[in-house]
Amino acid sequence: MRNIAIVEDEDDAAAVLIEYIKKFSAETGQEFHVDRFCDAVQFLDDYKAKYAVVFMDIQMPRRDGMSAAEELRKTDKTVSIIFITNLIQYAQRGYEVDAVAYILKPVQYYDFALKFRKALDIYVMNEKQDLTLSTSDGPCRISTDRLVYVEIVRHRLYYHMVDSVIERTGVLSQVEEELKQFGFLRCNQCYLVNPRFIVSVKGSAVQLGTESLAISRPRKKAFMAELANWYAGLEDK
């Protein structure tokens with residue numbers, strides 16, 4: 001059973017979404033538990049990262065849906081967000097918080113079903129790569145598919161995501177054991193890198209997007225062998 005959140009101040013609009021979720025459930029055989037929140041403040045208060053999909057209205061009293069989604073992304077990087085809006089100009093901003101889609105009001109079932117299915121598929125894909133981190137701000141759920149590399153500086157760990165950096169205390173060797181199952185490789189004493197983001201390896205440096213990280217001389221041979229094995233694994237799939 002998947003947990004779904006509806007953050008909508010209009011009762012009629014929320015009722016339509018609930019009805020559509022029931023219809024989608026009947027058609028697909030999937031089971032859902034739905035929580036409805038009347039505003040974003042109520043939704044974010046003591047938020048628990050348990051939802052697969054959040055339907056977020058953009059125009060709401062007390063706090064708008066866009067700023068609420070920005071706050072949500074600080075603690076939950078994997079939940080699928082679908083914005084509900086009256087105005088199409090708000091839709092573009094949704095990509096800033098990695099929203100899956102937007103739906104224009106009045107919501108039509110065909111559009112709803114198409115985007116709900118996409119949101120569920122993305123969540124399931126991310127769920128397989130989920131990792132929960134303990135930070136000073138509380139638990140934070142991330143998808144390792146969006147984790148570029150982990151850095152340690154003076155006993156502080158920095159998780160460099162695609163769109164943010166998460167900081168916590170810890171030991172890199174423990175993180176290495178945790179991330180080994182996801183294919184992460186250690187290029188020196190300070191870095192664990194996600195091979196999915198490696199653009200090139202030149203000399204004693206590995207390029208990840210715009211970032212260039214050093215490969216230590218003692219680790220170079222093992223790192224290159226592990227990277228070759230990782231690529232070979234991709235070819236076998």
Side-chain angles (χ1 to χ4, degrees), residues 49 69-81 92-100 121-237:
E70 290 171 354
E71 184 68 24
L72 173 62
R73 280 291 180 232
K74 293 178 182 178
T75 56
D76 195 337
K77 304 285 186 181
T78 63
V79 64
S80 291
I81 299 173
Q92 283 300 116
R93 285 192 60 202
Y95 297 107
E96 298 173 13
V97 291
D98 199 26
V100 171
D121 288 345
I122 290 174
Y123 175 79
V124 170
M125 180 180 66
N126 288 337
E127 189 179 35
K128 296 175 182 177
Q129 305 290 332
D130 269 7
L131 194 66
T132 300
L133 307 178
S134 296
T135 72
S136 58
D137 296 323
C140 178
R141 187 171 68 180
I142 68 170
S143 170
T144 57
D145 274 348
R146 298 181 63 78
L147 176 57
V148 184
Y149 68 97
V150 182
E151 176 184 20
I152 189 164
V153 180
R154 296 174 183 169
H155 306 294
R156 298 294 295 176
L157 292 167
Y158 297 86
Y159 289 71
H160 294 262
M161 308 295 296
V162 169
D163 52 1
S164 64
V165 178
I166 299 168
E167 182 181 349
R168 66 186 288 243
T169 57
V171 179
L172 194 62
S173 58
Q174 293 178 352
V175 179
E176 183 178 14
E177 284 300 310
E178 197 172 27
L179 293 178
K180 189 180 295 183
Q181 61 179 310
F182 302 113
F184 281 69
L185 309 175
R186 190 162 186 162
C187 60
N188 63 32
Q189 291 185 341
C190 301
Y191 303 116
L192 286 171
V193 301
N194 188 340
R196 294 168 181 80
F197 291 94
I198 293 178
V199 176
S200 64
V201 177
K202 294 181 179 178
S204 59
V206 55
Q207 192 75 26
L208 295 97
T210 59
E211 298 271 4
S212 181
L213 306 180
I215 307 172
S216 66
R217 184 175 295 176
R219 281 292 307 160
K220 179 70 180 289
K221 184 176 180 180
F223 176 78
M224 296 304 296
E226 291 165 358
L227 183 59
N229 287 337
W230 184 81
Y231 281 126
L234 285 185
E235 292 174 358
D236 291 340
K237 291 181 180 178

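Worth saying up front: this structure is predicted, and the values here are computed from it rather than measured.
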Peer 1: Contact between Pro139 and Leu133 at the side-chain level, heavy atoms closer than 4.5 Å - yes or no?
Peer 2: no
Peer 1: Between Thr169 and Leu157, is there a side-chain heavy-atom distance shorter than 4.5 Å?
Peer 2: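 No. Closest side-chain heavy atoms not under 4.5 Å.
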Peer 1: Among Val206, Val193, Ile198, exactly one meets side-chain contact (heavy atoms from CB on, under 4.5 Å) together with Tyr149. Which residue is that?
Peer 2: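 Checked Val206, Val193, Ile198 against Tyr149; only one passes side-chain contact (heavy atoms from CB on, under 4.5 Å): Val193.
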Peer 1: Can Arg168 and Tyr159 be counted as having a side-chain donor-acceptor contact under 3.5 angstrom?
Peer 2: yes
Peer 1: Donor-acceptor pair, Asn194 side chain versus Thr144 backbone, under 3.5 Å?
Peer 2: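 The answer is yes, because a donor-acceptor pair under 3.5 Å joins these two groups.
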Peer 1: Among all residues two or more places apart in sequence or in another chain, which pass the side-chain contact (heavy atoms from CB on, under 4.5 Å) test with Asp145?
Peer 2: Gln129, Ser143, Arg196
Peer 1: Quick one: do Lys74 and Glu71 make a salt bridge, cutoff under 4.0 Å?
Peer 2: yes
Peer 1: Nearest 0.5 Å, what's the CZ-CD distance between Arg186 and Glu176?
Peer 2: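 Answer rounded to 0.5 Å: 5.0 Å.
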Peer 1: When you compare the side chains of Arg141 and Thr78, does any donor N or O come within less than 3.5 Å of an acceptor on the partner?
Peer 2: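 Yes, side-chain donor-acceptor contact under 3.5 Å.
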Peer 1: Decide side-chain contact (heavy atoms from CB on, under 4.5 Å) for Asp137 and Thr75; before the verdict, give the C-alpha distance in whole Å, the side-chain angles of both, and the deciding distance to 0.1 Å.
Peer 2: CA-CA 8 Å; Asp137 296 323; Thr75 56; 5.9 Å; no
Peer 1: Is any side-chain heavy atom of Ile81 less than 4.5 Å from a side-chain heavy atom of Leu72?
Peer 2: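 Sidechains of Leu72 and Ile81: in contact.
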Peer 1: May I ask you to test the His160-Val150 pair for a side-chain heavy-atom distance under 4.5 Å?
Peer 2: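 Contact flag for His160/Val150 side chains = no.
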Peer 1: Quick check against the 3.5 Å criterion: does Lys77 have a side-chain atom that pairs as donor or acceptor with the backbone of Asp163?
Peer 2: no
Peer 1: List the atom of Pro195, the atom of Phe184, and the distance in Å for their closest heavy-atom pair.
Peer 2: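 Answer, listing the atom of Pro195 first, then Phe184: CD-CA, 4.1 Å.
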Peer 1: Looking only at heavy atoms, what is the nearest atom pair of Ile152 and Gly170, with distance?
Peer 2: CD1-O, 3.8 Å
Peer 1: Would you mind checking if Lys180 and Glu226 are paired as a salt bridge, meaning a charged N to carboxylate O distance below 4.0 Å?
Peer 2: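 Judged by the 4.0 Å cut-off on N to carboxylate O distance, Glu226 and Lys180 do not form a salt bridge.
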Peer 1: For residues Leu131 and Leu179, determine if any side-chain heavy atom of one lies less than 4.5 Å from a side-chain heavy atom of the other.
Peer 2: yes
Peer 1: Run the side-chain contact (heavy atoms from CB on, under 4.5 Å) test on Phe197 and Val162 for me, step by step, so that the C-alpha distance in whole Å, both residues' side-chain angles and the decisive distance to 0.1 Å come before the verdict.
Peer 2: CA-CA 10 Å; Phe197 291 94; Val162 169; 3.8 Å; yes
Peer 1: Determine yes or no for a side-chain-to-main-chain donor-acceptor pair under 3.5 angstrom, with Arg219 supplying the side chain and Ala222 the backbone.
Peer 2: no
Peer 1: Can you check whether Asp76's main-chain N or O pairs, donor with acceptor, with Arg73's side chain at less than 3.5 Å?
Peer 2: yes
Peer 1: Would you find more than 12 non-hydrogen atoms of other residues, nucleotides or ligands less than 6.0 Å from Glu167 atom CD?
Peer 2: yes
Peer 1: What is the distance from atom CG of Leu208 to atom SG of Cys187, rounded to the nearest 0.5 Å?
Peer 2: 8.0 Å
Peer 1: Would you mind reporting whether Val153 and Glu151 have side-chain heavy atoms less than 4.5 Å apart?
Peer 2: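 In short, these two side chains touch, coming nearer than 4.5 Å.
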Peer 1: How many angstroms lie between atom OG of Ser173 and atom CG of Leu192, to the nearest 0.5 angstrom?
Peer 2: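 Going from the OG atom of Ser173 to the CG atom of Leu192 covers 9.5 Å.
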Peer 1: Quick one: does Val201's side chain get under 4.5 Å of Met224's, heavy atoms only?
Peer 2: yes
Peer 1: If you define the side chain from C-beta out and look only at heavy atoms, does anything of Ile215 sit under 4.5 Å from Asn188?
Peer 2: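 No; the side chains remain at least 4.5 Å from each other.
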